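Take a look at the structure set out below.
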Amino acid sequence: MYTQWWFKKNRFYTFMAFVFVSCLCTVDSHSKANDISLAQSFPEERLREILIPQNEWRPFPRASERDAWESIPDVVKQAIINQAEEYVGEEITGLPASVYLQFKRNGNRQNYERLWYDRRERLHALVTAECIENEGRFLDSIVDTIWAICEETSWTWPAHIGPQKAGTGLPDVDDQVVALFSAQTSNTLVLTSYLLGEQLDTISPLDPAPHRAGS
């Protein structure tokens with residue numbers, strides 16, 4: 001329930017993923033059929049024309065902007081908080097290399113993707129609950145989840161890693177592939193920092209998310 005609510009409210013995810021991929025990668029660097037890249041189609045000067053300045057980026061109310069969060073219906077707030085409470089103190093799902101390799105070995109992609117999703121859904125629930133409640137009791141769990149996601153060798157699914165020079169298999173840290181869901185992960189961390197940047201600073205000024213949006 002909370003994931004449906006979160007993503008319906010956040011169509012900005014799609015746009016930010018598109019911009020991220022446009023800046024950092026080509027459609028398929030190994031394809032000879034079409035040699036046009038998104039980076040070439042949207043050069044820096046074009047992006048400056050169509051993107052608003054960072055300090056004007058206000059996609060959603062931050063956690064400190066209480067009126068918006070407190071206006072959410074109580075039944076919705078309680079459902080999200082209940083879900084987040086289940087994650088507090090719960091061990092974060094592991095992402096074993098052997099499970100990543102299942103796609104190459106037998107074509108199974110779902111086992112890894114399910115574990116991958118568990119971490120993201122955990123973060124979505126905890127962040128939304130903290131924004132709603134604003135009492136700090138979910139912050140440690142949020143930081144733990146961010147930390148675990150940032151430790152991942154790659155945010156790209158095994159079914160999408162094929163464009164790397166080594167081909168399908170384990171991800172090469174020196175040949176990163178930016179695909180749909182790795183871009184989504186980046187956007188998730190950016191929005192987490194945007195929504196809860198001040199609160200995360202109370203845990204540590206060294207923000208565990210790789211980018212502080214809007215600062």
Side-chain angles (χ1 to χ4, degrees), residues 2-27 36-73 76-77 80-81 84 119-136 138-139 141-143 145-147 149-150 152 155-156 176-215:
Y2 71 88
T3 52
Q4 294 177 350
W5 177 85
W6 177 272
F7 285 110
K8 284 181 181 178
K9 289 286 186 180
N10 291 274
R11 294 183 180 180
F12 185 76
Y13 266 68
T14 304
F15 175 73
M16 283 300 294
F18 173 77
V19 171
F20 187 85
V21 176
S22 299
C23 294
L24 297 183
C25 70
T26 62
V27 176
I36 299 175
S37 71
L38 289 174
Q40 291 172 333
S41 300
F42 292 89
E44 183 177 347
E45 57 271 18
R46 176 60 178 150
L47 291 176
R48 290 184 183 277
E49 293 176 2
I50 62 178
L51 297 179
I52 64 173
Q54 187 180 33
N55 59 2
E56 296 178 14
W57 185 58
R58 294 291 184 272
F60 318 107
R62 290 185 167 93
S64 58
E65 298 171 310
R66 300 307 308 155
D67 289 346
W69 292 100
E70 291 174 3
S71 69
I72 296 173
V76 176
K77 288 193 289 189
I80 295 171
I81 289 173
R119 292 181 170 201
R120 276 71 179 170
E121 291 185 357
R122 172 192 175 105
L123 184 59
H124 296 160
L126 290 166
V127 168
T128 309
E130 183 58 40
C131 288
I132 289 170
E133 196 176 80
N134 198 38
E135 295 179 0
F138 297 110
L139 287 178
S141 296
I142 290 171
V143 171
T145 309
I146 293 172
W147 186 270
I149 290 173
C150 289
E152 293 171 11
W155 296 336
T156 301
Q176 292 286 348
V177 173
V178 180
L180 175 61
F181 293 100
S182 50
Q184 179 184 309
T185 297
S186 177
N187 193 41
T188 292
L189 295 177
V190 168
L191 287 173
T192 296
S193 187
Y194 168 84
L195 293 169
L196 290 170
E198 296 177 8
Q199 290 82 352
L200 290 173
D201 281 345
T202 66
I203 303 297
S204 171
L206 297 176
D207 191 342
H211 174 70
R212 170 60 52 81
S215 61

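Values in this document were obtained by computation on a predicted structure and should not be read as measured data.
With sequence neighbours left out, Glu135 forms a side chain to side chain donor-acceptor pair (under 3.5 Å) with no residue at all. With sequence neighbours excluded, the residues forming a side chain to side chain donor-acceptor pair (under 3.5 Å) with Thr145 are Arg122, listed by chain and number. Residues that satisfy the side chain to side chain donor-acceptor pair (under 3.5 Å) test with Arg66, not counting sequence neighbours, are absent from this structure.
To the nearest 0.5 Å, atom CZ of residue Arg58 and atom CD1 of residue Ile52 are 8.5 Å apart. Atom-to-atom distance recorded for Cys131:SG and Leu126:CG is 11.0 Å, nearest 0.5 angstrom. One finds the CD1 atom of Ile203 at 9.0 Å from the CD1 atom of Ile142 (value rounded to the nearest 0.5 Å). Here CG of Leu123 is found 10.5 Å from OG of Ser141. Values are rounded to the nearest 0.5 Å. Distance check, rounded to the nearest 0.5 Å: OG of Ser193 to CG of Asp201 gives 8.0 Å.
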Problem set entry | Test salt bridge (Lys or Arg N to Asp or Glu O under 4.0 Å) applied to Glu49 and Arg46, step by step | CA-CA 5 Å; Glu49 293 176 2; Arg46 176 60 178 150; 3.1 Å; yes
Problem set entry | Trace of the side-chain contact (heavy atoms from CB on, under 4.5 Å) decision for Thr128 with Phe138 | CA-CA 10 Å; Thr128 309; Phe138 297 110; over 6 Å; no
For this session: Apply side chain to side chain donor-acceptor pair (under 3.5 Å) to the pair Thr188 and Arg120, showing each step before the final yes or no.
Result: CA-CA 8 Å; Thr188 292; Arg120 276 71 179 170; over 6 Å; no
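Nearest approach of Ser64 to Gln199, heavy atoms of both residues: N-NE2, 4.1 Å. Taking each heavy atom of Glu130 and Gly136 in turn, the nearest pair found is OE2-N, 2.7 Å. Counting all heavy atoms, side chain and backbone alike, Ala84 lies closest to Ala125 at CB-O, 3.7 Å.
A 4.5 Å side-chain heavy-atom check between Leu189 and Tyr194 finds every atom pair outside the cut-off. Residues Asn134 and Trp69 have side chains not in contact (no heavy-atom distance under 4.5 Å, counting atoms from C-beta outward). Within the 4.5 Å cutoff, no side-chain heavy atoms of Val177 are placed close to those of Ser182. Looking only at side-chain heavy atoms (C-beta outward), Trp155 and Val178 stay at 4.5 Å or farther from each other. Between Val127 and Leu195, the closest side-chain pair of non-hydrogen atoms falls below 4.5 Å.
Side-chain atoms of Thr185 come within 3.5 Å of backbone N or O of Phe181 as a donor-acceptor pair.
A salt bridge is defined here as a Lys NZ or Arg NE, NH1 or NH2 lying under 4.0 Å from an Asp or Glu carboxylate O, and Lys77 with Glu133 fails to meet this definition. Taking 4.0 Å as the cut-off between side-chain N and carboxylate O, Arg62 and Glu65 do not count as a salt-bridged pair.
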